[in-house]
Amino acid sequence: ISTNVIMRIRIFTLVQFFSERKSHFQAHICKINSKKDVDNALQSLLKNPKIAGATHNIMAYRFRNESNTLAQDYDDDGEAKAGGRLLELIELMGVENLMVVVSRWFGGVLLGPSRFKCINNIAKETILESGFYQPPTDSKKKKKKR
C-alpha cells in the first residue's frame with residue numbers, strides 16, 4: 001500500500017493492480033468526515049495523470065456528519081451500476097467515514113457482470129489491508145460439533 005498525504009488527507013492505494021482479461025483495476029481509500037473531504041480526496045487523486053486517465057473511477061463513500069446522521073453516495077463514472085455495488089460492499093462491511101475509489105483501465109474485452117466482482121474484490125482487499133476496517137469480534141464463539 002502506498003500513502004499520499006495531500007491537503008491533509010491521507011489516501012491509501014493498493015500498489016498491486018488486479019487484472020482480468022486485459023482490464024486493470026486499482027483501489028484507493030481515504031478516511032473522510034465530510035462531503036468536502038470527499039471532494040478534496042477525489043480532486044487529489046485525479047491530479048495523478050494515470051488515475052485521471054483511467055476509463056472509470058468508480059467511487060462510493062459513507063460518513064457520519066456533525067449531527068451523527070449517516071451520509072452516503074456513489075458515482076458510477078460511466079460504469080453502469082458499479083458505484084451502487086461498491087456502496088453496498090462498504091455498507092455490508094459496516095465501514096463508516098471512508099471513501100473508496102476503484103480505477104478501471106478498460107482493456108478492450110467486455111467483462112459483463114464479472115466486472116463487479118473485480119471492482120468489489122480489489123476494494124475489499126484494500127480496505128482490509130489499510131487497517132481502516134476491523135472485523136467484528138464474535139464474543140460468542142461457536143462450539144465445534146463432534
Side-chain angles (χ1 to χ4, degrees), residues 1-107 109 111-142:
I1 291 182
S2 70
T3 305
N4 297 321
V5 180
I6 303 170
M7 291 189 257
R8 296 181 355 181
I9 293 176
R10 180 173 283 167
I11 299 170
F12 290 85
T13 299
L14 192 63
V15 176
Q16 303 99 322
F17 286 80
F18 176 77
S19 298
E20 176 77 22
R21 291 181 271 167
K22 300 183 183 180
S23 281
H24 305 286
F25 301 84
Q26 186 178 39
H28 323 274
I29 60 172
C30 181
K31 280 280 214 185
I32 56 163
N33 294 302
S34 68
K35 180 66 167 92
K36 184 176 181 181
D37 288 350
V38 172
D39 296 338
N40 288 340
L42 196 55
Q43 181 182 7
S44 296
L45 273 173
L46 295 177
K47 284 182 180 178
N48 179 323
K50 184 161 180 84
I51 295 169
T55 312
H56 306 286
N57 283 299
I58 303 118
M59 183 265 301
Y61 67 83
R62 299 178 80 211
F63 66 88
R64 294 252 171 217
N65 62 22
E66 303 82 34
S67 61
N68 204 32
T69 303
L70 186 62
Q72 60 184 26
D73 201 2
Y74 64 88
D75 181 7
D76 293 327
D77 193 32
E79 185 73 86
K81 300 183 182 179
R85 291 184 182 222
L86 191 55
L87 178 58
E88 183 179 16
L89 169 72
I90 60 178
E91 286 174 343
L92 290 171
M93 291 179 77
V95 177
E96 293 181 4
N97 300 327
L98 191 73
M99 178 185 82
V100 180
V101 176
V102 175
S103 301
R104 178 186 181 189
W105 291 268
F106 181 63
V109 178
L111 299 180
S114 68
R115 71 188 186 276
F116 302 124
K117 182 178 174 185
C118 299
I119 292 163
N120 279 5
N121 283 347
I122 194 78
K124 184 176 182 182
E125 182 179 346
T126 305
I127 292 168
L128 292 173
E129 287 196 24
S130 73
F132 285 164
Y133 173 74
Q134 297 300 321
T137 56
D138 187 9
S139 58
K140 297 178 182 178
K141 293 187 179 185
K142 295 180 181 178

Original post:
What residues, two or more places apart in sequence or in another chain, satisfy side chain to side chain contact (heavy atoms under 4.5 Å, CB included) together with Asp77?
Top reply: His56, Asn57, Asp75

**OP:** Grab the two heavy atoms, one from Ala123 and one from Val100, that are nearest each other, plus how far apart they are.
**Re:** CB-CG1, 3.8 Å

Original post:
Of the non-hydrogen atoms in Ile32 and Leu98, which two are nearest, and what is the gap between them?
Top reply: CG1-N, 3.5 Å

Original post:
Considering only heavy atoms from C-beta outward, does the side chain of Glu79 approach that of Val102 to under 4.5 Å?
Top reply: no

Original post:
Taking atom CG of Leu86 and atom CD1 of Ile122, what is their separation to the nearest 0.5 Å?
Top reply: 11.5 Å

Original post:
Is any side-chain heavy atom of Lys124 closer than 4.5 Å to a side-chain heavy atom of Asn120?
Top reply: no

Subject >> side-chain hydrogen bond (donor to acceptor under 3.5 Å, both in side chains) partners of Thr69, counting only residues at least two apart >> reply: Ser67

Original post:
Asp39: what forms a side-chain hydrogen bond (donor to acceptor under 3.5 Å, both in side chains) with it, not counting sequence neighbours?
Top reply: Lys35

Subject >> Residue list, side chain to side chain contact (heavy atoms under 4.5 Å, CB included) with Asn97, at least two apart or on another chain >> reply: Asn33, Phe63, Arg64

**OP:** Taking the side chain as every heavy atom from C-beta outward, state whether Val95 and Arg62 have any pair of such atoms under 4.5 Å apart.
**Re:** no

**OP:** Could you pull out all residues at least two apart from Thr55 that satisfy side chain to side chain contact (heavy atoms under 4.5 Å, CB included)?
**Re:** Phe106

**OP:** Considering non-hydrogen atoms only, spot the tightest contact between Asp76 and Ala82 and give its length.
**Re:** OD1-N, 3.3 Å

**OP:** Identify the heavy atoms of Tyr61 and Leu87 that sit nearest to each other, and give their distance.
**Re:** O-CD1, 3.7 Å

Subject >> Pairs satisfying ring-ring contact (aromatic ring centres under 6.0 Å, His included), at least one member in residues 66-85, at least two apart >> reply: none

**OP:** With sequence neighbours left out, write down each residue that passes side-chain hydrogen bond (donor to acceptor under 3.5 Å, both in side chains) with Lys81, or none if nothing qualifies.
**Re:** none

Original post:
At what distance, to the nearest 0.5 angstrom, does SG of Cys118 lie from CZ of Arg21?
Top reply: 7.5 Å

Subject >> Residue list, side-chain hydrogen bond (donor to acceptor under 3.5 Å, both in side chains) with Arg85, at least two apart or on another chain >> reply: none

Original post:
CZ/Phe116 to CG/Leu89 distance, rounded to the nearest 0.5 angstrom?
Top reply: 13.5 Å

**OP:** Calculate, to the nearest 0.5 Å, the distance between atoms OG1 and CD belonging to Thr126 and Gln26 respectively.
**Re:** 8.0 Å

Original post:
So, for Met93 and Ile127, which heavy atoms are closest and what is the spacing to 0.1 Å?
Top reply: CE-CG2, 3.8 Å

**OP:** Heavy atoms only: give me the nearest Leu45-Met99 pair and the separation to one decimal.
**Re:** CD1-CE, 4.4 Å

